[in-house]
Amino acid sequence: MAGKFIVFEGVEGCGKTSQMQLCCQWLQNLGISVVVTREPGGTELGLHLRRLLLEKVENQPIAEVTELLLYAADRSQHVEQELKPNLAAGKYILCDRYTDSTTAYQGYGRALNMSLINQLNYIATAGLESDLTIWLDVDVEVGLARKQGDKFDRIEQETIDFHRRVQQGYSELAASYPSRIIRVDGSLSQAAVQEIIQEILREKLEL
């Protein structure tokens, strides 16, 4: 059986983690071998990069291009160490964030040069794209409200305008790549969202 690469995307608090866990259980019940991973932090090196990227250190801001390059470094290691070998072994990979996050957060959120981002994404992935990307679409205010009570990381602490630009980025990406990126209303109940995701996977991956 050929491996499949399924990415979950969205703004903060959209429900990616919960939906990935439910999806993993469902696929395993179908007898499919599943790997759950994330970016940043899907490798040992990536865990160190994740801490650097998400922990906020007072008076030591990360320059925007530095941030972009750190995400690319994490992704390059992740692709070579985890994604390619597991896909070659015929496994289904469920990944929390991939290249669309970089486009949305660093391209739209930070307003960095989009051609630079596209080039770095291509270098870091060696051209590896998802078979399917599930975009869990929720209003940024709703997503951030879900995170209340948690300690906000460096990205979550950004301004509401930043998060709205990120949301706009996802919207435009979904419009540009309708065959790869499927929008799911993330404001629905957890069970309803999972039911929609399972139906999408059945149709797109012929399960």
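Note that the coordinates shown come from a computational prediction; the quantities given were computed from them, not determined experimentally. When reading the values below, keep in mind they use all heavy atoms of this one structure, side chains included, and skip hydrogens, waters and symmetry mates.
Between the Asp74 side chain and the Leu70 main chain, no donor and acceptor come within less than 3.5 Å of each other. One N or O on the side chain of Arg97 and one on the backbone of Gly10 form a donor-acceptor pair closer than 3.5 Å. Checking side-chain atoms of Thr66 against main-chain N and O of Ile62 turns up no donor-acceptor pair under 3.5 Å. Put simply, the side chain of Gln167 gets close to the backbone of Val138: a donor and an acceptor are under 3.5 Å apart. With hydrogens and angles disregarded, a donor-acceptor distance shorter than 3.5 Å links the side chain of Gln19 to the backbone of Gln190. A distance-only check finds a donor-acceptor pair linking the side chain of Gln157 to the backbone of Phe152 [under 3.5 Å]. Listed for the Glu156 side chain is a donor-acceptor partner under 3.5 Å among the backbone atoms of Asp153.
Side-chain contact check for Gln198 and Gln194: at least one donor-acceptor pair (N or O, by modelled atom type) lies under 3.5 Å. With no hydrogens or angles considered, a side-chain donor-acceptor pair links Tyr170 and Glu9 at under 3.5 Å. Side chains of Gln25 and Gln21: no donor on one and acceptor on the other come within 3.5 Å.
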Just do the salt bridge (charged side-chain N to carboxylate O under 4.0 Å, His left out) check on Arg165 and Glu158 with the steps written out, would you?
CA-CA 11 Å; Arg165 291 194 299 274; Glu158 287 289 346; over 6 Å; no
Checking Thr37 against Asn86 for the side-chain contact (heavy atoms from CB on, under 4.5 Å) test, could you report, in this order, the C-alpha distance in whole Å, the side-chain angles of both residues, the deciding distance, and whether it holds?
CA-CA 11 Å; Thr37 188; Asn86 281 307; over 6 Å; no
Could you check Leu30 against Tyr92 for side-chain contact (heavy atoms from CB on, under 4.5 Å), going step by step and ending with a plain yes or no?
CA-CA 12 Å; Leu30 294 177; Tyr92 275 45; over 6 Å; no
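Between Thr43 and Leu49 the shortest side-chain heavy-atom distance does not fall below 4.5 Å. Glu82 is not listed as a side-chain neighbour of Cys95, based on a closest heavy-atom distance of 4.5 Å or more. Here the side chains of Leu68 and Leu116 are in contact, with some heavy-atom distance below 4.5 Å.
Listed by first and then second residue, the ring-ring contact (aromatic ring centres under 6.0 Å, His included) pairs that reach into residues 5-62 are Phe5-Tyr98, sequence neighbours excluded. Residue pairs meeting the salt bridge (charged side-chain N to carboxylate O under 4.0 Å, His left out) criterion with at least one member in residues 30-49, sequence neighbours excluded: Glu39-Arg75.
Residues Val193 and Leu22 fall into different hydrophobic clusters, defined by Ile, Leu, Val, Met, Phe, Trp and Tyr side chains chained together at heavy-atom separations under 4.5 Å. A continuous path of Ile, Leu, Val, Met, Phe, Trp and Tyr side chains, each step under 4.5 Å between heavy atoms, connects Ile182 with Leu27, placing both in one hydrophobic cluster. Criterion: ILVMFWY side-chain heavy atoms under 4.5 Å apart, direct or through other members. Under it, Ile117 and Ile123 are not part of a common hydrophobic cluster. Leu53 and Leu69 are members of different hydrophobic clusters when ILVMFWY side chains are connected at heavy-atom separations under 4.5 Å. Taking hydrophobic clusters as Ile, Leu, Val, Met, Phe, Trp and Tyr residues chained together by side-chain heavy-atom distances below 4.5 Å, Tyr105 does not share a cluster with Leu112.
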